Each structure stands twice: as C-alpha cells, then as structure tokens.
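We count ligands from 1, going down the list as the structure has it; atoms in each ligand are counted the same way. Just so it is clear, the model here is predicted, and its values are computed rather than measured.
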Amino acid sequence: MAKVIIIGAGGVGTVVAHKCAQNPDVFSEIVIASRTKSKCDALAKAITRPGGPKVTTDSVDADNVDELVALFRRHEPRLVINVALPYQDLPIMDACLIAGVNYLDTANYEPKDVAHFEYSWQWAYKKRFEEAGLTAILGCGFDPGVSGVFTAYAAKHYFSDMVTLDIVDCNAGDHGKAFATNFNPEINIREITQNGRYYQDGEWVTTKPLEIHKTLHYPNIGGRDSYLLYHEELESIVKNFPSIKRARFWMTFGQEYLTHLRVIQNIGMARIDEVEYNGVKIVPLQFLKAVLPNPQDLGENYHGETSIGCRISGLDKDHNPLTYYIYNNCSHEAAFRETGMQAVSYTTGVPAMIGAMMFLTGKWERPGVWNVEEFDPDPFMEQLPLQGLPWHEEFNIDLEVND
Ligand code: NDP
C-alpha cells in the first residue's frame, strides 16, 4: 500500500491514473500533478470510485526543482511516475534526490534546444541514487519499456546468445484525420525527423532520416512499410546484452503521414530554434503543436490496432539456431472504452503502472538508476496480460529482417 505522484496529465498520464486506480491493493493514494491543474482535477474525477485509492491533485512546473521539492514535501509520496515530457526528467530526478522520492519515467532526457536523446545524462545520477538508497527506473513505457522486458525475457528463458534484435512497432490504426501524431507532436516529430541509427558489430551506423525501409508483416494486420529509426532503448539493450551484434528499430508510417511530414520540414515548421514573429519569439514546432489535433482527442474515432514486438535470432540454451518473435497487439477501440485514450497512450501507460507496481511490491526495488531490462522480467510479464496487454510468442519463423 503506497502513495504515488503522477506528474503529467496528458494521454499517457490519463492511462497511468486509470490503471493505478484499478489496483488499489498496491496504490492506496494517488496524487496527480501537472502544469494545468484543471486537467488533473478532471482526471481525478474520472478515476475516483468507492473503495478505490484516495485521489488528490496539485499543480507544478516540473522544470522548476524548488517547486518539485515543495510538491514532494507536501505529499510525501514513495514514488513519482514521470509522464510529463522528456525535458523534465532531470529536474524531477534532482528533486527526488533532495526530497527522498523514488523515480520512474517512460522517455529519456532531451534538452529542449537540441533534438538529441541519450541515456548518459540520466545514467550519470546512478551513484547519487545508490547513495541515497533510492531507485530510479528508466524508460518504462512500451518502447522503451516492454521492448526491453521482452528482450530480457528472451535472454532468460530461451537464448544462450542473442545475435540480432529488431524491435518492430506498427500502428495500423486510423483516426480519420489528415495528419495527427499519436503522442506529444513536438516530441514525436523531433524523434522521426532525426537521422536513423542502428548498431552493428560494436559500432553505430547512421542513416539519413527514414532512408531505410522494408515491408514487414504484423499479426492480424498484414504487410506494412516499416522505417528504420533510432530509438533510445537500443543504447541500453546493446550495453546490457553484449552478445547482440545487430540491433535495429522499425516503425510503420503511411505515405500520407510522410508527405505531411516532408511538407512540415520543407516549410520550416519542424524547426526547434526561436524565430521572431510580430515582435514575439516563437519556436515553429511548438506553434505547430498548438494547431495540430490534440493526441488525447484522437481516441473516439480511432479504429484498428497497434502491434509492437521484438524479433530476435541467435542460439538457444542448447546452442542450436533459434528465431523468436514476441509481440502485443492492442486495439484502439478497446483502449478508448477503458480509459478514454487511444492505444499509443494505453500501451505506454499500462507498463508505466506495472513498473510502479514492481517497485512498490519490492520486486524491482534496487537503489541506483536502471533500465527495465536489468530487472527480473518474469513478474512484469505476468502482469502484462492481467493489466490489458496480452503477449504472444512465435518460434523458428521467418523474422523477415535477416536479408
Ligand atoms: P502529452 O503532451 O499528452 O502530456 C504531457 C503532460 O505533461 C501534460 O499534462 C502537460 O501539461 C505536462 N507537462 C508538460 N510540461 C510540463 C511542465 N513543465 N510541468 C508540469 N507538467 C508539464 O504527452 P503524452 O502523454 O503523449 O506523453 C507523455 C510522455 O510519455 C512523454 O515523455 C513521451 O515521450 C512519453 N511516451 C513514451 C512512450 C513509450 O512507449 N516509452 C510512447 C509515447 C509517449 P499541459 O497539459 O499543461 O501541457
């Protein structure tokens, strides 16, 4: 029985709050805090139920360490679930160290003024969290998150040596809008417009943005054009599983989406530097976010499924060749019925709640700063289907990734 603070009341925060409220034996008290308190209040109202956890709300500017420390001292939570934006990771971790609160997030730190993400900034907190006796769990959404847990599960139960890993992320949903992103548009567009990068024989190979693509087949969906992107969990997974010789990440995009993205870039709307407009300084990408559909409003008319998984090849425990595919499919409609959010928020928020549950029940409590694949995957894998994300395995099939 424990008290948690959820920071961020967007798409993912909404799902986390719903799922924590569904597990009152673990989460006895929930505080929802964000920049806009009215959103926290509406969410608190939606999840409060007889016999459920006590829910309260607060406001905080999570860029401000002093405000965060004051928030933590007011509420004295055991754990903060950070589902604000990646820019806030470091201030929240600083405040955790000052106020003695454990930490969990779903995306690694990014500075606002450079579209660049890597774990080094957060890994640098390891010793301080260790010395403070506090646990920090990094990247506990779906990808990063379940992708790392799937990999750890494969290593534990099936492989002696994993040689190739391909994380495959398909959203075959249709929201009926000409163009919209499935989570925070600013973070999403920054991620996709970067160079691609993959790991091969100990080196990182850089590609042009969306340069490499191929058709991959997804269960219950069929063939979809899938693009090689850099994704943050590749950095920690190749470090934690050094037998892996090649690690890549693929995500599907439709032609219509890519055409819009190209236009957005060509006309300068993806810029993240300030420009002056009528005497006011604006960042074009932040302005674009303000006029694009809000990802939280996409759920109602969203049809279809997401399918995210890991395709792994290598040697099994008896040193025979093995290919393995483990995945989850998630329906946008079902996610919306349960939480009012679409499957992209759902598949991120459910694992964040499970990670919090793992910590609060002592299964993933270990002072220091950790990526999810460094913990025992089994109790987390047991919870996934119970909490709405069933997983499936296929063995010795054509993974479609080994050319
Ligand atoms: P949203 O934009 O929907 O929500 C972000 C929330 O954070 C909003 O409530 C926003 O408040 C709040 N916020 C932003 N800045 C601050 C601040 N300075 N202080 C306090 N609150 C703030 O984003 P999503 O819910 O879509 O995404 C949340 C996180 O999940 C992101 O970090 C994203 O990268 C990550 N993610 C991870 C995935 C994974 O699989 N690992 C997949 C998808 C997302 P306000 O409403 O006032 O703007």
Side-chain angles (χ1 to χ4, degrees), residues 5-18 32-43 57-68 71 80-92 95 104-110 112 115 117 122 137-150 167 169 171 180-192 229 231-234 236 249 251 285-286 289-290 292-299 306 308-309 328 330 335 339-355 371-372 389:
I5 284 199
I6 301 167
I7 300 189
V12 178
T14 299
V15 175
V16 174
H18 274 272
I32 307 167
S34 188
R35 193 165 46 188
T36 314
K37 185 163 177 293
S38 55
K39 285 194 195 169
C40 305
D41 293 337
L43 179 53
T57 63
D58 211 327
S59 67
V60 69
D61 174 3
D63 289 317
N64 182 317
V65 177
D66 292 340
E67 273 195 37
L68 286 160
L71 175 83
V80 54
I81 303 175
N82 167 18
V83 280
L85 298 181
Y87 317 131
Q88 279 89 48
D89 289 3
L90 299 189
I92 297 176
L104 178 143
D105 70 26
T106 67
N108 71 8
Y109 173 69
E110 268 184 66
K112 272 188 188 144
F117 46 91
Q122 291 181 276
I137 301 171
L138 306 184
C140 197
F142 207 105
D143 44 346
V146 177
S147 53
V149 176
F150 280 171
I167 299 167
D169 180 330
N171 181 2
T181 61
N182 293 297
F183 64 96
N184 186 287
E186 190 184 329
I187 304 300
N188 194 198
I189 292 173
R190 279 165 65 121
E191 175 180 272
I192 298 165
L229 296 185
H231 225 241
E232 61 200 59
E233 67 264 51
L234 297 178
S236 66
F249 183 96
M251 190 178 274
L285 185 55
Q286 286 172 2
K289 173 180 182 260
L292 282 176
N294 182 347
Q296 285 173 62
D297 299 335
L298 298 176
T306 60
I308 317 176
N328 159 265
C330 181
T339 62
M341 294 294 136
Q342 31 81 356
V344 177
S345 301
Y346 190 87
T347 53
T348 309
V350 172
M353 180 281 292
I354 299 175
N371 293 89
V372 291
L389 296 176

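A donor-acceptor contact closer than 3.5 angstrom links the side chains of T57 and D41. Side chains of Y87 and E186: a donor on one and an acceptor on the other come within 3.5 Å.
Within 4.0 Å of ligand 1, protein heavy atoms come from G8, A9, G10, G11, V12, S34, R35, T36, K39, V60, D61, A62, D63, V83, A84, L85, P86, Q88, T106, A107, G141, F142, D143, P144, F183, N184, I187, Q296, T348.
Under the 4.0 Å criterion applied to side-chain N and carboxylate O atoms, D63 and R35 are not assigned as salt-bridge partners.
A distance-only check finds a donor-acceptor pair linking the side chain of D105 to the backbone of G139 [under 3.5 Å]. Formation of a donor-acceptor pair under 3.5 Å by the N82 side chain with backbone atoms of A84 is found in this model.
A search for salt bridge (charged side-chain N to carboxylate O under 4.0 Å, His left out) contacts involving E191 returns nothing, not counting sequence neighbours.
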